[in-house]
Amino acid sequence: MIEGIRYSKCERVIFKHNSLTDLEAKLQAADPRAPKIIAFESVYSMDGDISPIKEICDLADKYGAMTYLDEVHAVGMYGARGGGIAEREGLMHRLTVIEGTIGKAFGVMGGYIAASTALCDFIRSFASGFIFTTALPPALAAGAVASIRHLKESQVERFAHQERVRRLRNLLDKNGIPHLNNPSHIVPVIVGDASKCKWISDLLLDNCGVYVQPINYPTVPKKTERLRITPTPLHSDADIDHLVSALHQLWSRCALARAVA
Ligand SMILES: *Cc1c(COP(=O)(O)O)cnc(C)c1O
């Protein structure tokens, strides 16, 4: 999305993360006649927080802006048909463009935008990055169709996913392992030290057979280095117990602070 904005060579203004006040101030300051598009995400990948989609759409209406919502961390996982947070909140019709990926929850590869026929046609005709790239091979397209068809109907995975997340969070709480409390499936366990974060991640993999990626600067600000845990619907009780008991021991070895219940 950022590359797309750069490539458009349009003027861009950055608003403070999820701040409606700041967004409104920036919209107010903009030329009322200039075409505008507000680009944002639903579930944010590193903190797992969720944007106020409805309120942003209200501001877009008020100031005559279009909206572009990146739902890559939500498609397949939220909404009755896996359309994302905007579907869950009944807001899909209010967005100009919704972007999704087939590479995360859908487990294949590729991506899409959903917008009006005219807008999709325009992008098909003018987006050089799209025109000059090899299309998805039939095997991937077939995999994507199968996966989307399944997750459009089945709620089993979405319910199990949320339940697994609750179980993980409860167990982390019981063990005093601090994690960001957000309304999504992304469970960031804050380590706050780049080398310890990498070290814990290596030990988890080498000694415990658990793969959890360390997230260090520049992906997140310094001092907020973290392990980013995203349980899947298929992780068992034993898997989650194993992860948390490993973290419990590593927390003591690294002399990291516990959260107070
Ligand atoms: C993963 C990701 C994408 C796109 O992923 P692809 O691998 O290109 O399908 C877009 N936006 C965000 C925030 C992402 O994390």
Side-chain angles (χ1 to χ4, degrees), residues 1-8 12 14-19 23 37-53 56 66-79 82-89 91-92 95-115 119-120 123-124 127-148 150-152 161 165 180 182-189 201 211-221 224-232:
M1 187 158 67
I2 291 171
E3 285 307 311
I5 293 167
R6 286 191 181 132
Y7 190 68
S8 76
R12 62 149 171 67
I14 298 170
F15 66 99
K16 285 202 191 103
H17 182 66
N18 281 349
S19 166
L23 175 59
I37 188 159
I38 306 171
F40 61 113
E41 299 177 33
S42 58
V43 177
Y44 281 90
S45 60
M46 293 302 143
D47 282 352
D49 53 336
I50 297 181
S51 63
I53 302 175
I56 291 177
M66 295 178 279
T67 47
Y68 184 105
L69 177 61
D70 182 336
E71 288 253 44
V72 297
H73 288 281
V75 293
M77 293 172 273
Y78 298 89
I85 301 288
E87 182 187 31
R88 187 186 73 182
E89 320 266 302
L91 294 168
M92 284 205 286
L95 292 142
T96 318
V97 184
I98 295 178
E99 170 196 324
T101 182
I102 305 163
K104 286 173 178 151
F106 291 116
V108 191
M109 192 188 177
Y112 61 86
I113 57 156
L119 189 52
C120 290
I123 288 166
R124 270 197 208 102
S128 60
F130 173 75
I131 295 165
F132 298 112
T133 303
T134 308
L136 280 191
L140 281 184
V145 167
S147 181
I148 292 167
H150 177 75
L151 284 174
K152 247 177 140 170
H161 191 212
V165 172
L180 291 186
N182 62 46
S184 76
H185 60 282
I186 295 170
V187 185
V189 168
S201 167
Y211 179 52
V212 176
Q213 275 188 324
I215 314 280
N216 285 350
Y217 178 83
T219 309
V220 296
T224 72
E225 293 84 0
R226 64 198 65 186
L227 300 167
R228 180 177 176 279
I229 306 177
T230 47
T232 76

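In each ligand, atom 1 is the first atom listed, and ligand 1 is the first ligand listed. Heavy-atom basis, side chains included; hydrogens, waters and symmetry copies ignored.
You'll find the side chain of E99 reaches within 4.5 Å of the side chain of V72, heavy atoms only. Inter-residue side-chain proximity for S147 and I102 is flagged as unmet; no heavy-atom pair is nearer than 4.5 Å. Side-chain contact between P188 and N182: present, with at least one pair of heavy atoms (C-beta onward) separated by less than 4.5 Å.
Contact annotation: for M1 versus ligand 1, there are no heavy atoms closer than 4.0 Å. With a heavy-atom cut-off of 4.0 Å, E99 touches ligand 1 through its side chain alone.
Per-atom contact check: atom 8 (O) of ligand 1 does not touch the protein, criterion being a heavy-atom distance below 4.0 Å.
When each atom of ligand 1 is checked for a heavy atom of D70 under 4.0 Å away, the hits are 10 (C), 11 (N), 12 (C), 13 (C). Taking every non-hydrogen atom of G110 and a distance limit under 4.0 Å, the qualifying atoms of ligand 1 come out as 9 (O). Remark: ligand 1 atoms within the under-4.0 Å shell around heavy atoms of T101 are 5 (O), 6 (P), 9 (O).
By the 3.5 Å distance cut-off applied to N or O atoms, K104 is counted among the residues near ligand 1.
The shortest contact between atom 12 (C) of ligand 1 and any protein heavy atom is with V72 CG2, 3.2 Å.
Between the side chains of H17 and D49, at least one donor N or O sits under 3.5 Å from an acceptor N or O. In this structure, a donor-acceptor pair under 3.5 Å is absent between the side chains of Y78 and E87.
Listed for the R12 side chain is no donor-acceptor partner under 3.5 Å among the backbone atoms of I2.
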